[in-house]
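By convention in this document, chain letters (A, B, ...) are assigned in the order of the sequence lines, proteins followed by strands, and residues within each chain are numbered from 1. In this text the structure is predicted, and so the values were computed from the model without any measurement.
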2 protein chains.
Amino acid sequence: MDRHDEAASPDISSSASAHHSGTGTLGKVLSVLEIVVTSDRPLRFSDILTLSGQPRGTLHRQLSHLLEEGLLTQGRDLCYEPGLRLLKFAYRSWSKNQFRAVAAPHLRRLHEETGETVHLGVLRGTEIIYVDKVESRQTVRMQSQIGNASPVYCTGLGKAALSVLPPVRLAETLGQLNFHRFTANTHLSAASLMRDLDEARLQGYAFDREEHETEIRCVAAPIHDAGFDLVAGISVTGPAYRVTMEQLENWARLVRQVAIAISEDIEIRLGPGR
Amino acid sequence: MDRHDEAASPDISSSASAHHSGTGTLGKVLSVLEIVVTSDRPLRFSDILTLSGQPRGTLHRQLSHLLEEGLLTQGRDLCYEPGLRLLKFAYRSWSKNQFRAVAAPHLRRLHEETGETVHLGVLRGTEIIYVDKVESRQTVRMQSQIGNASPVYCTGLGKAALSVLPPVRLAETLGQLNFHRFTANTHLSAASLMRDLDEARLQGYAFDREEHETEIRCVAAPIHDAGFDLVAGISVTGPAYRVTMEQLENWARLVRQVAIAISEDIEIRLGPGR
DNA sequence: GAGTCAGTTCCGAATAATGGAACATCAATG
DNA sequence: CATTGATGTTCCATTATTCGGAACTGACTC
């Protein structure tokens, strides 16, 4: 249903070499894991070899360790695939996520008022990670895209989140962006993106005008805690044939209010400590 | 010291100290990660210190690395919580899981015939990990328990999976079990469990007679590939007031047939190679 | 102010990761 | 059927990382 993934080659290389410092061994192993997990097609040893740029011997050991730990599995014809332990980790992470729990009732309220799909997403680096969603007509397929990551620059959630970022962090983030065209409306430069962000900052909400998927629009509002450790957003999304831009404008204030309510709830419930 | 925490937690189990060899650094870091992720309540540094048995300095570095990599986050009052990167990994893993994709249409068929919730679960160590599910009336709460892990010894899926395991692996697995009472019917010894397994092996299906949750029953059948690299199962689950044991008996053959169909599909579609 | 507990930092010693090169396996090719 | 080439695996001396005890900080208690 969703075709959110980039086509072939655009940005794989960036994540591989980015981590060459800081976390030592762990970082290197994780970047290998990430290569396998984020790839579109199954990868064989040599694919990973070239993508990761590690020496043969090293890579081989890293992969064996990942296999042994259950983070990867080796399928038919020696292809490496993500392992089940990841799923287990993820379930626990999600179900114990405090932020999600606090926001959940607000999401439901927003869904009841609008009737359209509501998302909760958190900013992580240059991506928005979907943490929860409420939708009416649960399409039978894929239970949720929870955990899916979308680029900041072409989603309402992303733009909402960016719009409240302190200038330094915003600059950093913008600097790391790799623009890629998803639709005719996708922003392709920081400059063009900035215009939307300025608008969002003024109004308190942001739109996605079919910038990520054609025929899909949304309006989103930002959420953040006092220290900007948590920067997130909520959005109402709908198909273009049913949801006009005018309709979105009408929902905008509501979305913003709910976002503010969540922010307040966070500060109260998750302790003003710190 | 005191183990003031084990009281309330059902299935923390043994995995923490098990990995002390093989994967070197990675294994140790992962067991720390697992401690945090599988814990019921938020953990502070010293909690992890005692649970992991690592020296202070070491643990501190491991945690910093996990933080830096986004696998953990540090919430209010210095508590460690699972990080968002895990969710991202999980989404990719799940959506690209070949086995799940092949089985999906069969699950839907089974759901249409029975009208009750259908699960697909895979055996991993002493746990069953839920990989997919189809249910009619999406209860508003918790989108899915995909990725959730349940003990083998008290679920239909678990018993079905165990029943087809080659003797040596079965013995190994049974040896690692830590029995814990969930309901009045929960098996509490390998011996008592074995009786169910023998029955399941003969019939080709297994029951959960309210052994994990009261008022919840299910019937399950095993799936496995030729080399027993993949051992899994499907189940039909329902509330006791609506689903009698007699009803389950009637569904048993159907469940078994669908499981066999999936097994065949696996061998065909995922290559007899290897 | 003494005492305890939680978290952080330091540094020599121990250990695990590194990566080049040799080995193995299997197809396709001459 | 031997040759080539591409792929996956193993080995081992070197090197960089991790280890872990101990010492430091700071906060809170009695």
Before giving the answer on side-chain contact (heavy atoms from CB on, under 4.5 Å), spell out for A/Lys88 and B/Thr38 the whole-Å C-alpha distance, their side-chain angles and the decisive distance to 0.1 Å.
CA-CA 9 Å; A/Lys88 180 185 164 190; B/Thr38 56; 4.3 Å; yes
Using a heavy-atom cut-off of 4.0 Å across all strands, would you classify A/Arg44 as base, sugar-phosphate, or nothing?
sugar-phosphate
Residue-phosphate contact under 4.0 Å: [X] side-chain N/O, [N] OP1/OP2:
| X | N | value |
| --- | --- | --- |
| B/Thr25 | C/dT15 | no |
| A/Gln54 | C/dA17 | no |
| A/Lys28 | D/dT17 | no |

State whether the distance check finds a donor on one side and an acceptor on the other, under 3.5 Å, for side chain A/Arg56 versus base D/dG8.
yes
Please report, rounded to the nearest Å, how far the [atom2] atom of [N] is from the [atom1] atom of [X].
| X | N | atom1 | atom2 | answer |
| --- | --- | --- | --- | --- |
| B/Ile48 | C/dT8 | CD1 | P | 11 Å |
| A/Asp47 | D/dT7 | CG | P | 9 Å |
| A/Leu49 | C/dG20 | CG | C1' | 13 Å |
| B/His60 | D/dT18 | NE2 | C1' | 15 Å |
| B/Gln74 | C/dA6 | CD | P | 16 Å |
| A/Glu68 | C/dA17 | CD | P | 11 Å |
| A/Arg61 | C/dT15 | CZ | P | 17 Å |
| B/Leu63 | C/dA6 | CG | P | 15 Å |

Among A/Arg61, A/His60, A/Arg56, find the one that has a side-chain contact (heavy atoms from CB on, under 4.5 Å) with A/Thr58.
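The side-chain contact (heavy atoms from CB on, under 4.5 Å) with A/Thr58 is passed solely by A/Arg61 among A/Arg61, A/His60, A/Arg56.
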Step by step, work out the side-chain contact (heavy atoms from CB on, under 4.5 Å) result for A/Trp94 and A/Asp132.
CA-CA 9 Å; A/Trp94 184 78; A/Asp132 207 347; 3.9 Å; yes
Please tell me which of B/Pro55 and A/Ser46 maps to the more 5' nucleotide of DNA chain D, matching each residue to the nucleotide holding its nearest heavy atom.
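Going by which nucleotide is closer to the 5' end, it is A/Ser46.
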Enter the distance from B/Ser150:OG to B/Phe182:CZ here, rounded to the nearest 0.5 Å.
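Answer for the OG-CZ pair, B/Ser150 versus B/Phe182, is 7.5 Å.
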B/Leu49 and B/Gln54: which non-hydrogen atoms are nearest, and at how many Å?
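Heavy-atom minimum between the residues: CD1-O, 3.2 Å.
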